[in-house]
Amino acid sequence: MFLRSGAMLAIFSYFLWGITPLFYRLLPGVQPLELLSQRVLWSIPLLIFVRFFLKNRTRVKAVWADKRSLLLCLLSTSVMAISWCTFTYSMTHDLVLEASMGYFITPLFSILLGVIFLHERLKPAEKTALIFVCAGVGYQLYQYGSLPKLALMMGSAFALYGFIRKFIRYDLTTSLLIESLWLLPVAIVLYFWLENSGAGTFSTADTFTRICFILTAPVTLLPLLFFTAAVRSTTLTTIGLAQYLEPTIQFLLAVFLFNEHFDAVKGVSFSLIWLGLLFCILSLIRHHWKNTAKAGLGIKPR
């Protein structure tokens, strides 16, 4: 029953992403480049194994025939490497709160990309949301004298990754495998460079830490598989609403479990961002109800 409910799959995938800070607390202080290297090295065999059981996977001939998607995978994995390194740095250096902000503002970066590159028109609610998000980030700049750079890097990189993935025609597992294969030479070089320089910890780590390094692959990929299943069996409105579960959980973990610093400035900044997102959520729900009503009347929704 659970696997047939697209809404529950979406909620579960974002719940898993939301609690990932708990996993990375097991690897405090580890270098993001080492985590990236280990994740790539262990993801490839896992993805090959998973892909073997998929019926609707992109065949090898089709992969080679679609050179455009192949090159786009190189571009997307380069962006994702930046996003993932900033994410793991925040997870292992007590910056979960800033990571939460990054994922709260990701949808707004996605809207901007749509406007700039796809010439999409902003709805009034989206314009209002952008104003509030800019006000929230600007308030931090005014009070602290610096931007929340990590949050902005995470939000923009993840939005750009999602934008690029719109144009890749492979199935999710195949595209993830190709992205990992593009990064494989980098992962191998990073592994030996870190080990030879003494900065790597895998070869000298205890068994538990090594297991955690290996688990970075399923911890990263499992939510994606549930998310893919959700996209196929539920509406984009449901997906859009469920995505805010992840940064909300991360925010609660950062403030109430990890005791990260949360002052009045961050309170005002987050409140402005949340207010902006509220406009987006209400617009999303209104649009969904409007289309549902039109569908009931036999009118084709826009």
Side-chain angles (χ1 to χ4, degrees), residues 1-24 39 42-43 45-58 73 76 80 83-84 87 91 96 99-100 102-111 154-155 158-159 161-180 215-253 277-278 280-289 291-292 295 301:
M1 189 70 179
F2 170 78
L3 293 176
R4 294 180 181 178
S5 172
M8 290 304 297
L9 285 169
I11 290 170
F12 187 60
S13 64
Y14 282 113
F15 173 78
L16 289 178
W17 272 318
I19 63 173
T20 48
L22 296 173
F23 170 76
Y24 286 105
R39 193 209 73 169
W42 296 109
S43 290
L46 178 60
L47 285 166
I48 292 173
F49 176 77
V50 172
R51 191 175 181 275
F52 180 78
F53 293 96
L54 297 178
K55 292 182 180 180
N56 298 322
R57 63 184 182 271
T58 308
C73 280
S76 64
M80 191 57 177
S83 175
W84 207 77
F87 170 74
M91 294 298 105
V96 178
S100 169
Y103 287 123
F104 271 124
I105 62 179
T106 293
L108 282 306
F109 276 112
S110 298
I111 291 172
M154 289 178 61
F158 196 75
Y161 174 76
F163 177 77
I164 296 168
R165 287 295 300 269
K166 286 174 64 70
F167 303 98
I168 297 175
R169 290 187 282 263
Y170 307 143
D171 68 271
L172 177 68
T173 307
T174 299
S175 58
L176 286 173
L177 177 58
I178 293 171
E179 287 175 352
S180 298
L215 288 176
T216 56
V219 165
T220 304
L221 299 175
L222 191 61
L224 273 174
L225 296 176
F226 281 111
F227 175 76
T228 307
V231 169
R232 292 174 179 173
S233 54
T234 191
T235 64
L236 288 178
T237 301
T238 302
I239 297 294
L241 293 175
Q243 71 179 328
Y244 298 112
L245 179 64
E246 175 192 357
T248 300
I249 293 174
Q250 291 176 358
F251 174 84
L252 294 174
L253 287 175
L277 291 175
L278 180 61
C280 275
I281 292 171
L282 293 176
S283 175
L284 201 62
I285 294 173
R286 180 176 174 273
H287 184 69
H288 174 69
W289 284 348
N291 284 345
T292 302

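We number each residue from 1, following the sequence as shown. Everything numeric in this text was worked out from a predicted model, so none of it was measured.
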I would like to know whether Thr248 and Tyr103 meet side-chain contact (heavy atoms from CB on, under 4.5 Å); could you show each step before the answer? CA-CA 9 Å; Thr248 300; Tyr103 287 123; over 6 Å; no

Take Ile105 and Met154 through the test side-chain contact (heavy atoms from CB on, under 4.5 Å) and record every step on the way to the result. CA-CA 9 Å; Ile105 62 179; Met154 289 178 61; over 6 Å; no

How far apart are the C-alpha atoms of Trp42 and Leu215, what are their side-chain angles, what is the distance that settles it, and do they pass the side-chain contact (heavy atoms from CB on, under 4.5 Å) test? CA-CA 8 Å; Trp42 296 109; Leu215 288 176; over 6 Å; no

Stepwise side-chain contact (heavy atoms from CB on, under 4.5 Å) test for Tyr24 and Phe87: CA-CA 10 Å; Tyr24 286 105; Phe87 170 74; 3.9 Å; yes

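One distance of note links CG of Leu177 with CG of Leu172; it measures 11.0 Å at 0.5 Å rounding. Leu252 contributes atom CG, which lies 13.5 Å from atom CD1 of Ile19 (distance to the nearest 0.5 angstrom). Here Phe226 contributes atom CZ and Ser13 contributes atom OG; the two are 8.5 Å apart, rounded to the nearest 0.5 Å.
Taking the six-membered ring where tryptophan is involved, the planes of Phe12 and Phe15 are essentially parallel, since the angle between them stays under 30° and well short of 60°. Under the 30°/60° scheme for interplanar angles, the aromatic rings of Phe104 and Tyr244 are found to lie parallel.
One N or O on the side chain of Ser180 and one on the backbone of Leu176 form a donor-acceptor pair closer than 3.5 Å. Under the 3.5 Å distance criterion, the side-chain polar atoms of Ser83 are left unmatched by any main-chain donor or acceptor of Met80.
Heavy-atom minimum distance, Ile168 versus Ser175: CG2-CB, 4.1 Å. Thr106 and Gly155 get closest at one heavy-atom pair: OG1-CA, 3.4 Å. Scanning all heavy atoms of the two residues, the minimum distance from Leu16 to Pro223 falls at CB-CG, 3.8 Å. A pairwise comparison of heavy atoms in Ile164 and Ser76 identifies CG2-CB, 3.8 Å as the closest pair. Heavy-atom minimum distance, Trp17 versus Gln250: O-NE2, 3.3 Å.
In this structure Tyr161 satisfies the side chain to side chain donor-acceptor pair (under 3.5 Å) test together with Arg165, Glu179, sequence neighbours excluded.
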Under 3.5 Å, side-chain donor or acceptor atoms of residues 47-54 against the rest of the protein: list the pairs with distances, not counting sequence neighbours.
from, atom 1, to, atom 2, distance (Å)
Arg51, NE, Thr174, OG1, 2.9
Arg51, NH2, Thr58, O, 2.0

